[in-house]
Amino acid sequence: MKASALFIFVLFTVAGYSQNTINSYKYVLVPDRFDFSKENNQYGLNTTTKLLLEQKGFAAFVGNEGLHQHWLLINVLR
């Protein structure tokens, strides 16, 4: 009984810690086409995903669109 309670406590502790570390990322690359879709941006999922990630404060890019210009702006023009 004590072992199962300890296991559940450790499980919740690890799960809680992992939820806080996702915001340490700044950039997100959304693929041009998800594996389950047949076309690029089918049903607008990719652009919607990009929009929602940008609303949460991430710098999101679909494919390589704008990534090179953003990198140049950040690293070269310091």
Side-chain angles (χ1 to χ4, degrees):
M1 184 68 173
K2 290 182 182 180
S4 62
L6 179 65
F7 176 73
I8 291 173
F9 175 74
V10 169
L11 182 68
F12 281 118
T13 304
V14 169
Y17 176 73
S18 66
Q19 296 299 319
N20 290 333
T21 59
I22 189 130
N23 289 333
S24 63
Y25 295 103
K26 184 176 180 181
Y27 300 101
V28 178
L29 294 177
V30 179
D32 289 326
R33 181 177 61 90
F34 289 117
D35 292 337
F36 56 84
S37 62
K38 297 178 183 175
E39 301 173 7
N40 288 352
N41 198 24
Q42 189 175 12
Y43 308 117
L45 291 176
N46 303 73
T47 53
T48 304
T49 303
K50 178 185 175 196
L51 175 73
L52 293 173
L53 287 168
E54 286 175 344
Q55 287 177 353
K56 295 293 181 181
F58 294 99
F61 300 98
V62 175
N64 289 331
E65 160 223 319
L67 183 62
H68 184 68
Q69 290 86 7
H70 186 75
W71 182 84
L72 285 174
L73 183 67
I74 298 257
N75 293 319
V76 175
L77 301 177
R78 279 188 190 181

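Fair warning: this is a prediction, and the values are worked out from it, not measured in the lab. Just so you know, these numbers use all the heavy atoms, side chains as well, and skip hydrogens, waters and symmetry mates.
- Listed by chain and number, the residues in a side-chain contact (heavy atoms from CB on, under 4.5 Å) with Thr47 are Asn41 (sequence neighbours excluded).
- Residues satisfying the side-chain contact (heavy atoms from CB on, under 4.5 Å) test with Phe36, not counting sequence neighbours, are Phe34, Leu45.
- By the side-chain contact (heavy atoms from CB on, under 4.5 Å) test, Gln55 pairs with Leu51, Leu52, sequence neighbours left out.
- Taking both residues in full, the closest heavy atoms of Pro31 and Val62 are given as O-CG1, 4.1 Å, listed atom of the first, atom of the second, then distance.
- Sorted pairs that involve residues 29-40 and meet side chain to side chain donor-acceptor pair (under 3.5 Å), not counting sequence neighbours, are lacking altogether.
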